[in-house]
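Side chains are part of it too, since the values below use all heavy atoms of this structure and drop only hydrogens, waters and symmetry mates. Atoms within each ligand, like the ligands themselves, are counted from 1 in listed order.
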Amino acid sequence: LERATDKDLHKIKSEILEKYPTKVARKRAKQIVINEPGDSNTIPEIGANIRTVPGILTQRGCCYAGCKGVILGPTRDVINIVHGPVGCSFYAWLTRRNQTSTPSDDAPNYMTYCFTTDMQDENIVFGGEKKLKQAIQEAFDIFHPETISVFSTCPVGLIGDDIHSVCREMKEKLGINIFGFSCEGYKGVSQSAGHHIANNGIFKNVVGLDDTIKGGKFRINLLGEYNIGGDAFEIERILDACGISLISTFSGNSTIEQFANSHTADLNAVMCHRSITYMAEMMEEKYGMPWMKINFIGAEATAKSLRKIAQYFEDEELMARVEEVIATEITPVKEEMEKARALCEGKLAMLFVGGSRAHHYQELFAELGMRTVSAGYEFGHRDDYEGRRVLPSIKVDADSRNIEELSVTKDPEKYRQRKSEEELAKIEAKGVEFREYGGLIQDMKNNTFVIDDISQYETEKLIEALKPDIFCAGIKEKYVIQKSGVPMKQLHSYDYGGPYAGFKGAVNFYRDISRMTNSKVWSYVKAPWEKEPELAATYALG
Ligand code: CFM
Ligand code: HCA
């Protein structure tokens, strides 16, 4: 394996840990991994999906953000009512930049609205169920939606409002689909718990309601593509050109109607493995639908994923069409790649994002000849880092209340035991590897840092020590990083740019990154006390 940096990462790691109290340092040490497989090629273990030490400035968000903001947020024909203080609803209102298309004028799009029960202290003391009922009634009277969903925020869990019984009662009364999510912010350790609750809820309350067969000969669902900055539009364009029908996307440019019908597709293609693999597994278990891991971030990765899908269908015509699309699309992309590569080759990137992008975007940086010297997830699990061989099934809890985080089974035999001979034969006959993919650690170069749940302090130390040419993270990190003189790209929202997925998206990315890493502007940044030393004295006194 090629080395990504010649710096002594062990020394840097001890310097970072030195500042922490002993117990904290011990915990963080397991989450800061130096990736140096050497000859043995063994994947190092990493501490992940564990509680952040209080007081540390984490990048993470909450369970409610994962359920309402991430999974349910990008679907236009459902009214999402947040049961809680108004701030929680406002926080998740269109901040995630998922775009949507409205196919016809009368098709509903509630995504631009912000619905909340606006709980007050009086509701905390005497209970808020009555107010929730009123909110559901009001939303129904004004908008006449076919689906309403309700999200619990922290105070709801604390006072014990039973949103599920309210939903059942109102469902009966109004005759439309109404269901709730117990996704109180404090549940679990991050957004990840919210993904799980959301998946269970959609599976239980929506998937399978409409058996109509739609689309053409090759029918897939795209799982884990949230249409950030219009990514899904580009993927839809490419699939369409290949003659592949998209039955549903969980969840970006999506509708509840499509979710209801999604079980009729032939195949689930999973993009963000962290947030939605639960759904693929449940659909496999209940409907026997196979799934595979794909990635549309990076031009090469896009081509590879299209081939993988075509290979699954074992259809000569489809394979030929996919090759044609790739051939037409890839030439202009390669030209742009070469141009940008000449400007970016050898530069260093750092990626600390969510639960899958810190991995996927390494493909795009590699296409630019850039090396990722450190990367990590906010809330990835060990399997996202260490890779996953076999996936045990998930039990759907009747109430979506109990979340049992997915455990990683490294034993393919376990998977086989759960399947009948017939099912196994069917899967094997396809000759497709459904259930093996490498994690972030395996795909990174030698002598790199892999850091889980990185803190603000560690970010600053890392920048100081490794001097990256670009740092990718979220809005909370952005300005501190820029002030340290390093270009910063948000990989959640794309800083209002994008799309970055697919072929056209890759070109956008090459252009944006080559511009950013070649601009001198950041080297002119000087802290106020560097220009006026007397300020340092003032701050020291203050
Ligand atoms: Fe999946 Fe996402 Fe991500 Fe994620 Fe997110 Fe997101 Fe992300 Mo922000 S679902 S894990 S919870 S790819 S919202 S679209 S950008 S942290 S890396
Ligand atoms: C979330 C959403 C978020 C936040 C992005 C950020 C997103 O986790 O609640 O921190 O900049 O992508 O919008 O991940």
Side-chain angles (χ1 to χ4, degrees), residues 48-49 57-75 82 87-99 151 153 183 185 188-199 222-232 235 249-254 270-280 293-297 351-364 375-381 383-385 439-440 452-454 456 459 471-481 488-496 498-501:
N49 194 28
L57 292 184
T58 170
Q59 296 186 318
R60 282 175 169 172
C62 68
C63 177
Y64 155 78
C67 182
K68 196 271 173 188
V70 175
I71 308 290
L72 267 294
T75 299
V82 175
C88 298
S89 193
F90 188 79
Y91 164 76
W93 184 24
L94 291 184
T95 47
R96 200 156 145 269
R97 277 202 81 225
N98 16 46
Q99 301 178 10
F151 301 85
T153 57
C183 57
V189 302
S190 68
Q191 291 94 316
S192 180
H195 302 150
H196 206 156
I197 291 170
N199 280 229
L222 193 56
L223 267 54
E225 167 41 60
Y226 299 90
N227 204 16
I228 306 299
D231 276 353
I235 298 170
T249 303
F250 286 71
S251 43
N253 196 23
S254 42
V270 179
M271 174 103 164
C272 167
H273 43 81
R274 180 62 272 141
S275 60
I276 206 99
T277 305
Y278 311 111
M279 182 62 76
K293 178 79 190 71
I294 48 92
N295 175 26
F296 286 114
I297 303 297
L351 279 65
F352 289 93
V353 212
S356 71
R357 289 168 186 247
H359 190 183
H360 285 159
Y361 275 80
Q362 294 194 22
E363 300 255 2
L364 272 173
Y377 300 125
E378 287 170 51
F379 49 77
H381 297 203
D383 50 319
D384 301 310
Y385 288 105
L440 174 138
D452 180 62
D453 186 18
I454 196 172
Q456 180 76 69
T459 302
F471 196 105
C472 300
I475 190 65
K476 299 190 289 296
E477 296 77 52
K478 184 171 177 75
Y479 299 103
V480 177
I481 290 161
M488 197 280 180
K489 183 80 202 163
Q490 291 188 67
L491 278 193
H492 302 260
S493 69
Y494 306 156
D495 289 303
Y496 327 108
Y500 290 149

Atom 6 (C) of ligand 2: closest protein heavy atom, distance to 0.1 Å, is Ile475 N, 3.6 Å
Can a donor-acceptor pair be found between the side chains of Asp384 and His273 at a distance below 3.5 Å? yes
inquiry  = We want to know whether Thr249 and Ser254 form a side-chain donor-acceptor pair, criterion being a heavy-atom distance below 3.5 angstrom.
reply    = no
CZ (Arg60) and CD (Gln191) are apart, to the nearest 0.5 Å, by 8.0 Å
Side-chain donor/acceptor of Arg97 to backbone N/O of Ser493, under 3.5 Å: yes
With no hydrogens and no angle check, just 3.5 Å: does a side-chain donor-acceptor pair link Asp231 and Tyr494? yes
Tested for ring pair (Phe, Tyr, Trp, His ring centres under 6.0 Å) against His195, the lone hit among Phe379, Tyr226, Tyr278, Tyr64 is Phe379
Pocket residues around ligand 1 (non-hydrogen, under 4.0 Å) come out as Val70, Arg96, His195, Tyr226, Ile228, Cys272, Ser275, Gly354, Gly355, Ser356, Arg357, Phe379, His492
- Query: Can the ring centres of Phe471 and Phe352 be said to be less than 6.0 Å apart?
  - Reply: yes
* Asked: Does one side chain, of Asp495 or Gln490, offer a donor that lies under 3.5 Å from an acceptor on the other?
  -> yes
If you scan protein heavy atoms around atom 13 (O) of ligand 2, the nearest is Arg96 CG, 3.2 Å
The atoms of ligand 2 lying under 4.0 Å from a heavy atom of Ala65, numbered in the order shown, are 9 (O)
among protein heavy atoms, the one nearest atom 10 (O) of ligand 2 is Lys476 NZ, 3.7 Å
Q) Is the closest side-chain donor-acceptor distance between Tyr500 and Lys489 under 3.5 Å? A) yes
Atom 8 (O) of ligand 2 sits nearest the protein heavy atom Gln191 NE2, 2.7 Å
- Task: Would you please determine whether Tyr91 falls within less than 4.0 Å of ligand 2 on a heavy-atom basis?
- Result: yes
Among non-hydrogen protein atoms, atom 3 (C) of ligand 2 lies closest to His492 ND1, 3.7 Å
